[in-house]
There are 2 protein chains.
Amino acid sequence: MTMSNTGGRRKPPTIHDVARVAGVSRGTVSRVLNGGHYVSPAAQEAVNAAIRKTGYVVNRHARSLITGRSDSIGFLLTEPQEKLFEDPNFNVLLRGCTQALAAHDIPLLLMVAGTEDERRRIMRYITAGHVDGVLLVSSHSGDPVAEQLRDAGVPLVQCGKPMGLGSKVSYVAADDRDGARDMVRHLLSLGRRRVGMVTGPLDTPGGVDRLAGYKEVLTEAGVEIDERLIVSGDYSRASGEAGAGRLLERVPDMDAVFVASDLMAQGALTALRRAGRRVPEDVAVGGFDDSAAATESVPALTTIRQPYDRISNEMVRVLLAQIGGEDPAAVILPTELVLRDST
Amino acid sequence: MTMSNTGGRRKPPTIHDVARVAGVSRGTVSRVLNGGHYVSPAAQEAVNAAIRKTGYVVNRHARSLITGRSDSIGFLLTEPQEKLFEDPNFNVLLRGCTQALAAHDIPLLLMVAGTEDERRRIMRYITAGHVDGVLLVSSHSGDPVAEQLRDAGVPLVQCGKPMGLGSKVSYVAADDRDGARDMVRHLLSLGRRRVGMVTGPLDTPGGVDRLAGYKEVLTEAGVEIDERLIVSGDYSRASGEAGAGRLLERVPDMDAVFVASDLMAQGALTALRRAGRRVPEDVAVGGFDDSAAATESVPALTTIRQPYDRISNEMVRVLLAQIGGEDPAAVILPTELVLRDST
DNA sequence: TTCTCTACTGTGAACGCTCACAGAAGCATG
DNA sequence: CATGCTTCTGTGAGCGTTCACAGTAGAGAA
């Protein structure tokens with residue numbers, strides 16, 4: 001080896017080189033690469049040795065050209081961009097999906113559709129077949145992108161329940177309603193009866209379901225639902241602060257509040273502190289998500305854990321199944337009540 | 001058009017279809033696609049019309065196969081995984097790079113090398129030529145991945161100054177030293193003289209430079225450097241809390257503290273509050289980064305803004321230049337003092 | 001032996017594009 | 001009229017794979 005390797009990249013070995021080294025044909029190497037059926041053990045071994053020796057790595061472009069698959073998937077974010085920063089859940093979802101895909105040796109392409117222009121470019125990219133499927137994150141529910149992709153025949157899994165139920169697109173979501181029920185039951189078990197709620201956006205299924213769970217448990221328990229105790233937010237910290245403030249004005253002796261996200265709950269804590277309420281003594285606070293915000297706030301938040309690791313795993317599993325020809329599927333995962341200091 | 005399009009995806013048009021519709025040859029279409037030199041205006045127009053009519057989108061796999069370029073770049077994260085969550089800067093960097101690349105119509109592949117196994121797989125992927133270049137995020141400085149990539153001849157831009165100066169790898173970083181100087185000057189201008197510091201990890205250039213700036217300004221101002229007022233952290237919230245606590249034990253009448261990251265500064269606020277110090281009356285607190293943490297904490301943090309939007313833009317610019325054959329380059333960007341309530 | 005079946009292997013074609021090259025057409029110059 | 005130059009256009013080859021097909025060898029059955 002006297003070849004210089006400083007500077008430019010050396011031309012990588014091809015399947016042909018491997019075949020030559022192994023003393024077999026391209027076809028045999030290809031078969032070994034794709035599962036090894038109908039290959040003699042001797043050839044199998046020779047090819048593997050040659051691959052190790054040459055450092056061969058398959059050229060995915062050449063493969064894709066003929067198979068028509070790209071063997072990569074897109075992670076598409078259609079949130080308005082600022083949300084990306086405020087939402088602590090996005091991070092963990094992204095990481096989970098990246099790793100779940102890595103296990104299948106599938107690269108993840110990150111796509112952020114902030115502007116209309118970007119949206120168009122990305123749609124063109126996707127529908128041209130440059131990804132085999134799309135993981136879609138968009139709580140923004142009226143999003144036409146899901147339907148567009150579905151109509152284009154692109155395998156798709158959405159994170160969170162989509163608004164239109166008839167739309168027949170796969171999704172993976174936590175059981176919002178059940179989580180809300182658990183939290184409100186917990187608050188009632190503490191003896192609280194004037195339980196407020198700061199909801200999520202009510203044009204999203206998540207927002208609606210958490211509110212529904214809240215109402216359901218109160219009704220079950222014989223506590224009358226007081227509309228003054230319900231105010232809606234948009235998952236942002238600021239809206240949680242404003243919402244809790246409004247609740248206190250309306251019902252000064254509120255003794256518990258269920259806030260539909262941890263970030264909003266952080267805001268609520270601020271409002272409560274400003275109003276001189278002690279948490280949890282005067283007002284118990286329950287959050288939702290179990291994001292980083294829950295442990296960072298003071299006091300640490302009792303919350304409903306969304307199983308983001310499982311959600312990302314399921315999203316990938318369902319997407320790959322769909323790419324493999326299976327029908328769209330909906331997966332609802334159980335949540336878990338996490339007790340901390342705010343209740 | 002009686003062709004059904006329910007279910008599977010229709011085979012997309014090729015350059016051949018466009019050529020036929022436009023009444024020209026493949027070569028001419030290809031020339032139009034790649035800049036349009038040596039093409040008559042008439043042909044130019046005919047081809048563009050045909051592209052619009054057919055909805056043609058170039059097949060990147062076929063193109064890559066022949067050009068040897070992949071026209072995609074990798075965003076590689078070699079932090080241990082938990083950091084991804086704690087670091088609010090990661091998000092904004094990732095988004096910035098995605099969008100800067102989108103402007104060049106280049107997809108971004110997200111790669112997370114948490115385990116040794118993942119690291120190996122990713123290196124194989126990269127060195128096989130499946131990306132044209134790599135944006136590397138790794139404050140973890142002894143990271144061999146940068147040198148490995150450089151030795152493999154892969155264009156590379158690192159975020160933040162790398163440790164070994166002779167390593168000849170491109171990087172883009174904020175001017176840590178100058179930022180630190182600004183902050184400490186600001187603290188001194190408030191009349192504070194017992195200025196503590198919680199540093200970043202001192203095996204990273206960022207950590208070292210911020211400390212250097214601190215010492216420099218104090219010396220300049222004739223304030224003796226008191227080693228009891230210096231304690232090191234690791235950018236995590238917890239280490240900021242512990243660090244500030246230790247400083248207070250050693251120097252109870254400390255009247256200001258410069259904390260090398262906003263996240264640590266948040267922790268420091270907690271420690272100060274617990275120790276009964278008012279911020280900023282008793283102790284002025286300065287952070288670094290201007291991350292979300294700075295505005296979320298109470299009081300909001302005076303901090304040094306790192307221009308992340310410019311950093312990501314520059315990273316992409318330098319990387320593309322390097323892919324285009326230019327030499328590695330180092331870019332240092334100016335920081336900015338942001339005044340808020342903590343000083 | 002001959003036939004069939006199974007297990008395995010090699011070969012040519014094709015995927016959709018770019019690139020190098022050859023040539024055509026137009027125009028100015030000798 | 002030949003020559004050269006510039007501008008434009010078409011053609012064939014080839015990038016590294018997979019896939020369909022044809023073929024070989026060996027085992028077992030008739």
Side-chain angles (χ1 to χ4, degrees), chain A residues 9-48 50-51 54-72 105 124-125 127-132, chain B residues 9-48 50-51 54-72 105 124-125 127-132:
Chain A
R9 297 155 91 157
R10 196 150 54 245
K11 199 171 182 182
T14 73
I15 203 173
H16 216 104
D17 300 322
V18 175
R20 197 166 27 73
V21 171
V24 298
S25 72
R26 283 162 21 240
T28 300
V29 176
S30 178
R31 275 183 287 265
V32 171
L33 253 33
N34 296 284
H37 298 301
Y38 287 100
V39 182
S40 68
Q44 183 94 243
E45 183 41 48
V47 169
N48 281 326
I51 288 175
T54 55
Y56 170 79
V57 178
V58 67
N59 182 325
R60 299 171 98 108
H61 300 304
R63 171 182 285 172
S64 293
L65 183 55
I66 185 159
T67 60
R69 284 173 288 120
S70 70
D71 289 318
S72 66
D105 209 34
R124 210 171 341 122
Y125 187 88
T127 51
H130 290 314
V131 294
D132 295 339
Chain B
R9 298 154 91 157
R10 192 143 66 243
K11 199 171 182 183
T14 74
I15 203 173
H16 216 103
D17 299 322
V18 175
R20 198 166 25 74
V21 171
V24 298
S25 71
R26 286 164 17 240
T28 301
V29 177
S30 177
R31 275 183 288 265
V32 171
L33 252 34
N34 296 285
H37 298 301
Y38 287 100
V39 181
S40 68
Q44 182 93 243
E45 184 41 48
V47 168
N48 282 326
I51 287 175
T54 55
Y56 170 78
V57 178
V58 66
N59 181 325
R60 298 171 99 107
H61 299 305
R63 172 183 283 173
S64 293
L65 184 54
I66 185 159
T67 61
R69 285 173 288 122
S70 70
D71 290 317
S72 67
D105 208 34
R124 211 171 340 124
Y125 187 88
T127 52
H130 290 313
V131 295
D132 295 338

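Sequence lines set the chain letters: A, B, ... in the order given, protein chains first and strands last, and positions in each chain run from 1.
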Undergrad: May I have the distance from Tyr38(B) (atom OH) to dT9(D) (atom P), rounded to whole angstrom?
TA: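 Answer to the nearest Å: 12 Å.
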
Undergrad: Would you work out how much the helix from dT1(C)-dA30(D) to dG30(C)-dC1(D) bends between its ends, with each end axis defined by five base pairs, to 10 degrees?
TA: 60°

Undergrad: Please enumerate all residues that pass ring-ring contact (aromatic ring centres under 6.0 Å, His included) together with Tyr125(B), with sequence neighbours excluded.
TA: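 ring-ring contact (aromatic ring centres under 6.0 Å, His included) check on Tyr125(B) returns His130(B).
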
Undergrad: Report the residues that fulfil side-chain contact (heavy atoms from CB on, under 4.5 Å) with Ser25(A), sequence neighbours left out, ordered by chain and then residue number.
TA: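 Partners of Ser25(A) by the side-chain contact (heavy atoms from CB on, under 4.5 Å) criterion, ordered by chain and then number, come out as Thr28(A).
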
Undergrad: Once salt bridge (charged side-chain N to carboxylate O under 4.0 Å, His left out) is applied, do any residues pair with Arg20(B), and if so which ones, sequence neighbours excluded?
TA: Asp17(B)

Undergrad: Among residues at least two apart in sequence or on other chains, which ones pass side-chain contact (heavy atoms from CB on, under 4.5 Å) with Ala62(B)?
TA: Leu65(A), Asn59(B)

Undergrad: Below 4.5 Å, heavy atoms only, C-beta onward: do Leu33(A) and Ile51(A) meet side chain to side chain?
TA: yes

Undergrad: Could you list the residues that satisfy side chain to side chain donor-acceptor pair (under 3.5 Å) with Thr14(B), not counting sequence neighbours?
TA: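 If we apply the side chain to side chain donor-acceptor pair (under 3.5 Å) test to Thr14(B), skipping adjacent residues, there are no hits.
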
Undergrad: What are the residues of residues 25-33 of chain B, sorted by number, that bring a heavy atom to within less than 4.0 Å of DNA chain C?
TA: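 Within residues 25-33 of chain B, the residues near DNA chain C are Arg26(B), Ser30(B).
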
Undergrad: Could you check how far CD of Gln44(B) sits from P of dC8(D), rounded to whole Å?
TA: 10 Å

Undergrad: To the nearest 0.5 Å, what is the distance between NE2 on His16(B) and CZ on Arg26(B)?
TA: 6.5 Å

Undergrad: Partners of Asn34(B) by side-chain contact (heavy atoms from CB on, under 4.5 Å), sequence neighbours excluded?
TA: Ser30(B), Arg63(B)

Undergrad: Would you jot down, in residue-number order, the residues of residues 13-20 of chain B having a non-hydrogen atom under 4.0 Å from DNA chain C?
TA: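 Thr14(B), Ile15(B), in order of number.
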
Undergrad: Partners of Arg69(A) by side-chain contact (heavy atoms from CB on, under 4.5 Å), sequence neighbours excluded?
TA: Thr67(A), Asp71(A), Asp132(A)

Undergrad: Ignoring hydrogens, what is the shortest heavy-atom contact between Val24(A) and Ala43(A)? Give both atom names and the distance.
TA: CG1-CB, 4.5 Å

Undergrad: What closest approach, in Å, do Gly129(A) and Ser70(A) show between heavy atoms, and which atom pair accounts for it?
TA: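 Taking every non-hydrogen atom into account, O-CB, 4.1 Å.
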
Undergrad: Using a 4.0 Å cut-off to any heavy atom of chain B, which nucleotides of DNA chain C are the first and last in contact, reading 5' to 3'?
TA: dG16(C) to dT18(C)

Undergrad: Which ones in residues 55-72 of chain A lie close to DNA chain C, meaning a heavy atom under 4.0 Å from one of its atoms?
TA: Leu65(A), Ile66(A)

Undergrad: Testing Asn48(A), Val47(A), Val21(A) for side-chain contact (heavy atoms from CB on, under 4.5 Å) with Val29(A), which one passes?
TA: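 Considering Asn48(A), Val47(A), Val21(A), a side-chain contact (heavy atoms from CB on, under 4.5 Å) with Val29(A) is found only for Val47(A).
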
Undergrad: Just how far, in rounded Å, is P of dT9(D) from NE2 of His37(B)?
TA: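 These atoms are roughly 14 Å apart.
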
Undergrad: Please report the shortest heavy-atom distance between Ala22(B) and Ala46(B), naming the atom on each side.
TA: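 Closest pair (atom of Ala22(B), atom of Ala46(B), distance): CB-O, 3.7 Å.
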
Undergrad: Measuring only between side-chain heavy atoms, which start at C-beta, is Arg60(A) closer than 4.5 Å to Asp105(A)?
TA: yes

